[in-house]
There are 2 protein chains.
Amino acid sequence: MAAVATREQIVAAADRLFYHGGYEHTSFADIAGAVGLSRGNFYYHFKSKDAILDAVIDARLADTRRMLEQWEAEAPTPAGRIMRYVEIVLTNRADIQDYGCPVGTLTTELAKLEHAMLGQAGRLFTLFRTWLREQFVLLEHAEQADELAMHVLAFSQGVAVMANAFHDEAFIQREVDRMREWLHTYER
Amino acid sequence: MAAVATREQIVAAADRLFYHGGYEHTSFADIAGAVGLSRGNFYYHFKSKDAILDAVIDARLADTRRMLEQWEAEAPTPAGRIMRYVEIVLTNRADIQDYGCPVGTLTTELAKLEHAMLGQAGRLFTLFRTWLREQFVLLEHAEQADELAMHVLAFSQGVAVMANAFHDEAFIQREVDRMREWLHTYER
DNA sequence: AAGATCGTAGGACAGCTGTCCTAGAGCGCC
DNA sequence: GGCGCTCTAGGACAGCTGTCCTACGATCTT
């Protein structure tokens, strides 16, 4: 098997396992089992568990950039684009109810572990923050753009934590509706 | 030393360590070191790690009930009491920036671990939810009381995750101000 | 003073962790 | 055929995990 394909398989499996079970709780043996490789052989592809996490974060950053570009292509207005972000809690509601937000839960876990890769994980949040800020600038709220971006991020994190805790789909829908109305007051 | 005092010391130390470093990441050795006991001797006080977690959750439930009673005694109006809840993200901002919300992060972690004690941890959320709902009933919004309670909970969780990720005190203050204005629209 | 009870230290136990090494299989190229 | 490279399996390694047991010191009761 080509090494590059195996590496991608490892990263994909690790991404899923880190999201579902948490970073520390996921062992080399778990990832090896998911990919179908022997545990000891991992050193050939990644020299440490941190290196896998680094690769997973890089992959998530790339995926996120692709998703944001797609949103920009599909939604013509900045408000529509912001709503695309807001609605991911609906789109991904099944996973969110089971595992929370992939970005929020990873960042929270790494902060508790005082893990060196915490800064890297923070780039995922910053990517969304910067993109949302740009949309609010386009909405002609340049002055408060960053504050509004942070508010939208906090919305999604709050909904994710509560949806994960209570498994309440109606709650998610209500909060998205509430957010849509709030966003309308910033449209022009 | 009296066994009951030692037990309380263990629970207090475990509570702090679980909050700061997470449940799974905290070992018997860590707790033993914090209390000044030998690791093997723990079996005398708690027959398993889950039993410690159970005791920690019970202690947090009792502490929370005390806090809610105090809020009721100190704040005469339901809106004032709700604001007491909203303002804990300011009151505890130092800890929240370092470790997130104690309730939210524990629930999120236990969900990923598929831990048997997840239901117990959920009672912490439910305690706040029920109390907030009662306050909105007193505000004569009985019909939407539970929805509004969930919205306030989501607010606090969102702010906690973002404050933990970005360490931004001004953001916390702005979100509390925003929440205060929102709450005014429900006062009469 | 003798005995029972309470709380403790220390270590044994199997099992798992991340890391690292060695040997060899499979393959293309000369 | 023989060389060299890529990729792999399997196991060794020290260290840690939660659990559990035994032996002993301190304290209290009678």
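Each chain gets a letter, A, B and so on, in the order its sequence line appears, and its residues count up from 1. Bear in mind that the values here come from a model prediction, so they are computed numbers and not experimental data. Values reported hereafter were calculated over all heavy atoms of this structure, with side chains retained and with hydrogens, waters and symmetry mates removed.
Looking at residues two or more places apart in sequence or on another chain, you find no salt bridge (charged side-chain N to carboxylate O under 4.0 Å, His left out) involving A:E187. In this structure A:D15 satisfies the salt bridge (charged side-chain N to carboxylate O under 4.0 Å, His left out) test together with A:R60, sequence neighbours excluded. In this view, B:R174 and A:E147 satisfy the salt bridge (charged side-chain N to carboxylate O under 4.0 Å, His left out) rule, not counting sequence neighbours. Every side chain to side chain contact (heavy atoms under 4.5 Å, CB included) that B:I88 has, sequence neighbours left out, goes to B:W71, B:Y85, B:N92. Residues that satisfy the side chain to side chain contact (heavy atoms under 4.5 Å, CB included) test with B:Q70, not counting sequence neighbours, are B:E74. Residues meeting the salt bridge (charged side-chain N to carboxylate O under 4.0 Å, His left out) test with A:D63, sequence neighbours left out: A:R66.
Among the nucleotides D:dT8, D:dA9, C:dT8, the one closest to the side chain of B:L37 is C:dT8.
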For residues 51-59 of chain A, tabulate all N or O donor-acceptor pairs below 3.5 Å that involve a side-chain atom, not counting sequence neighbours.
none

Result block: side-chain N/O donor-acceptor pairs under 3.5 angstrom for residues 104-112 of chain A, not counting sequence neighbours:
from   : atom 1 : to     : atom 2 : distance (Å)
A:T105 : OG1    : A:C101 : O      : 2.7
A:T105 : OG1    : B:K112 : NZ     : 3.2
A:T107 : OG1    : A:V103 : O      : 2.8
A:T108 : OG1    : A:G104 : O      : 2.8
A:E109 : OE1    : A:Y23  : N      : 2.9
A:E109 : OE2    : A:Y23  : N      : 3.2
A:E109 : OE2    : A:E24  : N      : 2.9
A:K112 : NZ     : B:Y19  : O      : 2.5
A:K112 : NZ     : B:Y99  : O      : 2.9
A:K112 : NZ     : B:T105 : OG1    : 3.2

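The nearest whole Å value for the distance from the CD1 atom in B:I31 to the C1' atom in D:dT17 is 12 Å.
Counting non-hydrogen atoms of neighbouring residues, nucleotides and ligands closer than 6.0 angstrom, the CD atom of B:Q144 exceeds 12 such neighbours.
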Strictly under 3.5 Å: I want the nitrogen or oxygen pairs between protein and nucleotides 3-5 of chain C, one per line.
none

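Rounded to 10 degrees, the angle separating the terminal axes of the helix from C:dA1-D:dT30 to C:dC30-D:dG1 is 10°, with each axis obtained from five end pairs.
For the segment residues 109-121 of chain B, the set of residues with a heavy atom within less than 4.0 Å of an atom of DNA chain C is empty.
Distances shown here put every side-chain N or O of B:H25 at or beyond 4.0 Å from the OP1 or OP2 atom of D:dT17. Checking the phosphate oxygens (OP1, OP2) of D:dT8, no side-chain nitrogen or oxygen of A:Y44 falls inside 4.0 Å. Proximity of B:T6 to the phosphate of C:dT8: a side-chain N or O atom is located under 4.0 Å from OP1 or OP2.
Between B:E169 and B:R93 a salt bridge is recorded (basic side-chain N to carboxylate O distance below 4.0 Å). Between B:E181 and B:R178 there is no salt bridge, since no side-chain nitrogen of the basic residue lies less than 4.0 Å from a carboxylate oxygen of the acidic one.
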At under 4.0 Å between heavy atoms, how does the protein contact nucleotides 18-26 of chain D? Give one character per nucleotide, 5' to 3', with B, S or -. BBBB-----
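Between the side chain of A:H151 and the main chain of A:A149, no donor-acceptor pair closer than 3.5 Å is present. In terms of modelled atom types and a separation under 3.5 Å, the side chain of B:R81 and the main chain of B:A75 share a donor-acceptor contact.
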